[in-house]
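Input: a single structure, listed below in structure tokens.
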Amino acid sequence: MKTTETPAPVPAESGTPVHKAQAGPGGPKKEKKEGTTLNVFSHGVLVIWAIMVGMPLVWAVMTSFKDDASIFGSPWSLPDKLNFDNWSRAWSQAHMSDYFLNTILVVGGSLVGTLVLGSMAAYVLARFDFPGNRFIYYLFIAGMSFPIMLALVPLFYVVDNMGMLNTIHGLILVYIAYSLPFTVFFLTGFFRTLPTSVAEAAFVDGASHSRTFFQVMLPMAKPGLISVGIFNFLGQWNQYMLPTVLNTDPDKHVLTQGLVQLAVSQGYKGDWSGLFAGLVMAMLPVLAAYIIFQRQVVQGLTAGALK
């Protein structure tokens with residue numbers, strides 16, 4: 001009886017190429033599949049997050065053009081017609097124009113003061129070595145972690161003793177002090193990423209420290225200034241606790257205080273359309289600022305990592 005002998009496999013030569021089809025199950029195909037699954041999952045999470053954030057904004061804008069009967073009768077439907085009188089009523093009768101003016105004065109003044117003082121302090125801490133440099137820097141960082149609620153009572157008495165209670169300039173100074181720690185922390189790291197050769201060339205040409213800072217280094221730090229300016233604008237525009245404690249004069253209320261008063265008054269009147277119009281008015285400047293400067297914000301946040 002004959003038996004068929006299976007010939008022994010011939011070992012492949014070292015120079016013989018191995019085809020991709022012969023690769024094991026854990027090859028590039030599996031990695032590509034895992035990467036695709038991860039991308040689909042991450043994009044799905046981003047889409048859900050965008051819907052959660054965007055839907056309330058769209059609904060508020062849509063509701064601001066409805067009348068009160070449509071708000072309660074069909075809250076999710078589109079308005080039958082655009083009722084612009086809701087906006088005019090909120091602007092004039094609810095004194096939203098006065099709140100806007102006060103807010104622009106306070107936020108505009110505090111934003112300019114914060115950027116000027118914060119950039120100067122950050123430049124010195126980032127570029128010059130002197131005794132106490134790190135101590136001052138860590139003091140600013142400690143100011144970021146200090147809860148503002150613990151400082152409200154002593155801050156009230158300090159502002160009152162200085163004669164700046166219920167004043168626009170007093171609120172501006174408090175906003176500047178409130179925003180300086182984060183501004184110095186952010187810009188110090190940004191100034192460290194800028195090249196020193198440009199400043200050294202300016203010194204060789206006879207420029208002073210102040211001229212080098214304002215004409216050479218500050219324009220180079222424009223992305224960082226825009227980024228920290230947007231963050232400060234958002235925080236100061238939406239600030240409610242500080243003006244509530246330090247600004248009790250109704251004629252000098254800022255927008256957040258006006259919105260609370262509008263919610264109370266319009267709620268009792270039943271003028272919900274005017275209330276939503278006021279809310280959208282307060283929301284639009286923030287959205288516009290971010291849409292206009294979103295590219296600069298991203299550039300400022302990634303500048304330190306890319307260098």
Side-chain angles (χ1 to χ4, degrees), residues 53 56-72 75 79 82-111 147-153 155-160 162-179 232-290:
V53 174
L57 302 180
V58 174
W59 181 75
V61 174
M62 182 179 64
T63 308
S64 66
F65 291 103
K66 292 182 176 181
D67 54 9
D68 294 334
S70 300
I71 292 176
F72 291 98
L82 300 180
N83 297 304
F84 289 99
D85 57 332
N86 299 338
W87 290 61
S88 61
R89 190 168 61 253
W91 183 260
S92 58
Q93 298 181 10
H95 306 289
M96 290 295 294
S97 57
D98 299 333
Y99 303 145
F100 255 95
L101 178 60
N102 295 335
T103 305
I104 291 174
L105 292 176
V106 173
V107 175
S110 60
L111 195 60
I148 191 61
M149 290 195 304
L150 296 180
L152 289 178
V153 175
L155 184 62
F156 175 85
Y157 286 107
V158 169
V159 175
D160 189 19
M162 296 175 65
M164 293 188 296
L165 197 65
N166 298 326
T167 60
I168 297 296
H169 58 277
L171 205 56
I172 290 176
L173 292 178
V174 173
Y175 275 22
I176 292 175
Y178 172 76
S179 305
N232 285 330
F233 172 77
L234 296 178
Q236 294 173 4
W237 186 273
N238 297 323
Q239 182 60 242
Y240 174 71
M241 190 175 302
L242 288 176
T244 300
V245 175
L246 305 175
N247 185 27
T248 57
D249 187 359
D251 295 333
K252 297 178 181 178
H253 278 180
V254 295
L255 194 58
T256 51
Q257 295 174 287
L259 284 177
V260 173
Q261 186 173 350
L262 177 64
V264 174
S265 61
Q266 301 298 75
Y268 282 114
K269 295 178 182 177
D271 189 5
W272 297 100
S273 57
L275 175 59
F276 276 100
L279 292 175
V280 175
M281 285 181 186
M283 181 178 63
L284 286 180
V286 177
L287 292 177
Y290 181 77

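Index from 1, following the sequence.
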Which atom pair, heavy atoms only, marks the closest approach of Met62 to Pro79?
CG-CD, 3.5 Å
Rounded to the nearest 0.5 angstrom, the CG-CG distance for Leu150 and Leu152 is 8.5 Å
Of the non-hydrogen atoms in Ile148 and Leu242, which two are nearest, and what is the gap between them?
CG1-CD2, 4.0 Å
Here the pair of heavy atoms bringing Met283 nearest to Leu57 is SD-CD2, 3.2 Å
Please identify each residue that fulfils side-chain contact (heavy atoms from CB on, under 4.5 Å) with Val158, with sequence neighbours left out.
Met162
Residues forming a ring pair (Phe, Tyr, Trp, His ring centres under 6.0 Å) with Phe276, sequence neighbours excluded:
Trp59
Calculate, to the nearest 0.5 Å, the distance between atoms CH2 and CG belonging to Trp272 and Leu275 respectively.
6.5 Å
Could you report the tightest heavy-atom contact between Ala94 and Leu262, atom names first, then the distance?
CB-CD1, 3.3 Å
Hey, does Leu279 have a side-chain heavy atom less than 4.5 Å from the side chain of Ser64?
no
Side chain of Asn102, backbone of His253: donor and acceptor closer than 3.5 Å?
yes
Looking at Pro75, is its backbone amide N or carbonyl O close enough to the side chain of Lys66 to form a donor-acceptor pair, meaning the two atoms are under 3.5 Å apart?
yes
Are the side chains of Ile168 and Ile172 in contact, using a 4.5 Å heavy-atom criterion?
yes
With Ser70, which residues qualify under side-chain hydrogen bond (donor to acceptor under 3.5 Å, both in side chains), at least two apart?
Asp67
Is the shortest side-chain heavy-atom distance between Thr256 and Gln239 below 4.5 Å?
no
Can you spot which of Asp249, Asp251, Thr248 makes a side chain to side chain donor-acceptor pair (under 3.5 Å) with Asn166?
Thr248
Contacts of type side-chain contact (heavy atoms from CB on, under 4.5 Å), residue Thr103, not counting sequence neighbours
Val107, Trp237, Val254, Leu255
Out of curiosity, Ile176 CD1 to Leu171 CG, how far, rounded to the nearest 0.5 Å?
10.5 Å
Nearest heavy-atom approach of Leu111 to Gln236 is N-OE1, 3.7 Å
For residues 85-94, which residue pairs pass the salt bridge (Lys or Arg N to Asp or Glu O under 4.0 Å) check, not counting sequence neighbours?
Asp85-Arg89, Arg89-Asp271
In Å and rounded to the nearest 0.5 Å, what is the CE to OH distance from Met281 to Tyr99?
13.0 Å
Between the main-chain N or O of Leu234 and the side-chain N or O of Asn238, is there a donor-acceptor pair closer than 3.5 Å?
yes
For residues Val174 and Leu155, determine if any side-chain heavy atom of one lies less than 4.5 Å from a side-chain heavy atom of the other.
yes
Should Asn232 and Tyr175 count as side-chain neighbours, where that means a heavy-atom distance under 4.5 Å?
no
Of all residues at least two apart in sequence or in a different chain, which pass the ring pair (Phe, Tyr, Trp, His ring centres under 6.0 Å) check with Phe65?
Phe84, Trp87
On a heavy-atom basis, which atom in Ala277 and which in Asn86 lie closest, and how many Å separate them?
CB-O, 3.7 Å
